[in-house]
Protein chains: 2
Amino acid sequence: MTATAMLEEDRLDETFAALANSTRRAILARLAQSDATVNELAAPFAMQLPAISKHIKVLERAGFIVRSRNAQFRPCRLAPDRLAEVATWADQYRSIWDDRFDRLDQQLSRRRRAAQPTAPKGTNDR
Amino acid sequence: MTATAMLEEDRLDETFAALANSTRRAILARLAQSDATVNELAAPFAMQLPAISKHIKVLERAGFIVRSRNAQFRPCRLAPDRLAEVATWADQYRSIWDDRFDRLDQQLSRRRRAAQPTAPKGTNDR
DNA sequence: GTTGTAGTTTCCTCCTAGGTTAATTATCCA
DNA sequence: TGGATAATTAACCTAGGAGGAAACTACAAC
């Protein structure tokens with residue numbers, strides 16, 4: 001068993017926990033534009049550098065970003081796997097929300113048809 | 001401004017925080033099969049009822065489930081909006097992971113071709 | 001009424017997350 | 001060598017999450 005053994009469920013915990021913070025999501029959004037250093041990533045935030053450094057560490061541990069070295073710099077790059085994992089997880093439920101939205105849509109259509117024939121003017125429900 | 005005004009970012013915090021727990025994700029998976037009461041949802045877990053009740057409250061506040069009343073029962077039903085929101089959020093990054101996976105794929109192909117120097121010109125793996 | 005079932009709330013403990021400041025490491029450059 | 005820049009680590013604080021136990025509310029059935 002490797003040192004980095006991790007249950008699927010535990011990794012999903014870490015994945016979603018990493019996303020449950022707007023600063024970290026903003027960092028990911030920034031990295032979607034291009035790779036960036038810690039200072040570049042920190043610039044938009046009213047927050048000390050160590051705080052950003054910790055956020056980056058969380059994202060790195062969760063596997064959302066990978067880092068290299070260039071002199072004093074530690075540039076960050078987006079890694080695709082965790083993002084794809086989130087999309088795949090949500091997609092499990094696609095049939096459900098498609099169904100529910102369809103049903104809602106049908107209800108609205110029925111209501112619209114019911115309202116239509118006898119609706120001369122201004123008889124809008126709600 | 002409504003009483004339930006909430007910034008998009010704050011709601012995403014709540015959305016992802018709700019998902020960052022395997023018990024809660026399991027509850028969602030169970031509800032994908034059918035609606036269920038609190039006791040039914042609690043059955044698979046080695047955990048006291050109050051703990052489950054709290055998890056349900058978290059999911060409800062986050063908007064993942066809606067509840068009705070039926071005598072003493074408070075059946076839970078999956079609500080589609082937050083799940084769709086997660087899928088939409090992840091989908092923002094689809095181009096990125098498509099690109100990266102493609103590039104990785106190309107690199108592997110080049111390496112494969114380099115490893116087969118005897119392959120005639122124009123031969124393509126895959 | 002009383003009793004039983006379903007679920008929630010309160011209070012407690014333990015632990016972690018997010019932020020601060022100050023100190024420390026690593027690397028370049030003059 | 002010594003100083004500037006980039007980033008991390010350490011020490012600390014506060015707030016909140018996850019769980020348990022016990023008490024409580026709500027409804028039904030007898």
Side-chain angles (χ1 to χ4, degrees), chain A residues 6-7 9-28 30-31 34-78 82, chain B residues 6-7 9-28 30-31 34-78 82:
Chain A
M6 193 169 203
L7 294 173
E9 285 300 312
D10 291 341
R11 201 186 55 217
L12 277 170
D13 283 3
E14 209 177 15
T15 298
F16 285 120
L19 296 180
N21 178 288
S22 63
T23 301
R24 287 196 291 265
R25 289 195 307 278
I27 289 174
L28 293 183
R30 167 65 185 77
L31 288 174
S34 73
D35 300 355
T37 66
V38 177
N39 273 288
E40 287 168 347
L41 290 174
F45 299 104
M47 202 181 293
Q48 301 304 317
L49 206 60
I52 300 294
S53 191
K54 286 179 195 170
H55 281 306
I56 290 173
K57 194 189 243 178
V58 170
L59 289 170
E60 187 185 14
R61 283 193 54 106
F64 279 102
I65 66 181
V66 291
R67 315 188 66 179
S68 48
R69 309 192 65 134
N70 178 14
Q72 316 100 302
F73 303 89
R74 309 281 197 89
C76 301
R77 163 171 312 206
L78 216 51
R82 288 291 84 73
Chain B
M6 194 170 201
L7 293 175
E9 285 300 311
D10 291 341
R11 201 185 56 216
L12 276 170
D13 283 3
E14 208 177 18
T15 297
F16 285 121
L19 296 179
N21 178 287
S22 63
T23 301
R24 287 195 291 264
R25 289 195 307 278
I27 289 175
L28 293 182
R30 167 64 186 78
L31 288 174
S34 72
D35 299 356
T37 66
V38 176
N39 272 289
E40 286 168 348
L41 291 173
F45 299 104
M47 198 180 296
Q48 302 305 317
L49 205 59
I52 300 295
S53 190
K54 288 173 197 171
H55 281 306
I56 290 173
K57 194 191 241 178
V58 171
L59 290 171
E60 188 184 14
R61 282 193 55 105
F64 279 101
I65 66 182
V66 291
R67 316 187 67 181
S68 47
R69 309 192 66 133
N70 178 13
Q72 315 98 303
F73 304 90
R74 310 280 197 89
C76 301
R77 162 170 312 205
L78 217 51
R82 289 290 84 74

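So that the names make sense, note that chain A is the first sequence line, chain B the second, and so on, each numbered from 1.
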message: Pair B:Arg74, B:Arg69 - check side-chain contact (heavy atoms from CB on, under 4.5 Å), show working.
response: CA-CA 5 Å; B:Arg74 310 280 197 89; B:Arg69 309 192 66 133; 3.1 Å; yes

field: Distance, rounded to the nearest Å, where B:Leu41 contributes CG and C:dG7 contributes P
entry: 9 Å

query: Should A:Ser53 be listed as having a side-chain N or O under 4.0 Å from OP1 or OP2 of D:dA7?
result: no

query: If you look at every heavy atom in A:Ala20 and B:Ala17, which pair is closest and at what distance?
result: CB-N, 3.4 Å

Whole angstrom value for the distance that separates C1' of C:dG19 from NZ of A:Lys57: 15 Å

- prompt: What is the minimum heavy-atom distance between A:Phe45 and A:Ala26, and which atoms define it?
  reply: CZ-CB, 3.6 Å

- prompt: Who are the side-chain contact (heavy atoms from CB on, under 4.5 Å) partners of A:Thr37, not counting sequence neighbours?
  reply: A:Asn39, A:Glu40, A:Phe73

Distance in angstrom units between A:Leu59 CG and C:dG18 C1', rounded: 14 Å

message: To check you understand the geometry: which heavy-atom pair defines the closest contact between A:Ala36 and A:Leu31, and what is its length?
response: N-CD2, 3.7 Å

message: Generate the contact string for nucleotides 14-20 of chain D. Rules: B means base contact, S means sugar-phosphate contact only, - means no protein heavy atom under 4.0 Å.
response: ----SBB

message: What is the distance, to the nearest angstrom, from the CZ atom on B:Phe73 to the C1' atom on C:dG4?
response: 12 Å

- request: Could you tell me the separation between the CZ atom of A:Arg67 and the C1' atom of D:dA7, rounded to a whole number of Å?
  value: 8 Å

- request: Evaluate the side-chain proximity of B:Arg24 to B:Ile65: yes if any heavy-atom separation is below 4.5 Å, no if none is.
  value: no

Under 3.5 Å donor-acceptor, B:Arg67 side chain and B:Cys76 backbone: no

- request: Using a 4.0 Å cut-off on protein heavy atoms (strictly under), produce a 5'-to-3' string for nucleotides 25-30 of chain C with B for base contact, S for backbone-only sugar-phosphate contact, and - for none.
  value: -SBS--

message: Between B:Arg82 and B:Glu14, does any side-chain N to carboxylate O distance fall below 4.0 Å?
response: no

Phosphate OP1/OP2 of C:dG7 contacted by B:Asn39 side-chain N/O (<4.0 Å): yes

field: side-chain contact (heavy atoms from CB on, under 4.5 Å) evaluation trace for A:Leu12 with B:Leu19
entry: CA-CA 8 Å; A:Leu12 277 170; B:Leu19 296 179; over 6 Å; no

- line: Rounded to whole Å, CD1 of B:Ile65 lies from C1' of C:dG7 at a distance of 13 Å

message: Whole angstroms only, please: what is the CZ-P distance between B:Arg61 and C:dT9?
response: 12 Å

message: Whole angstroms only, please: what is the CD1-P distance between A:Ile56 and C:dA17?
response: 17 Å

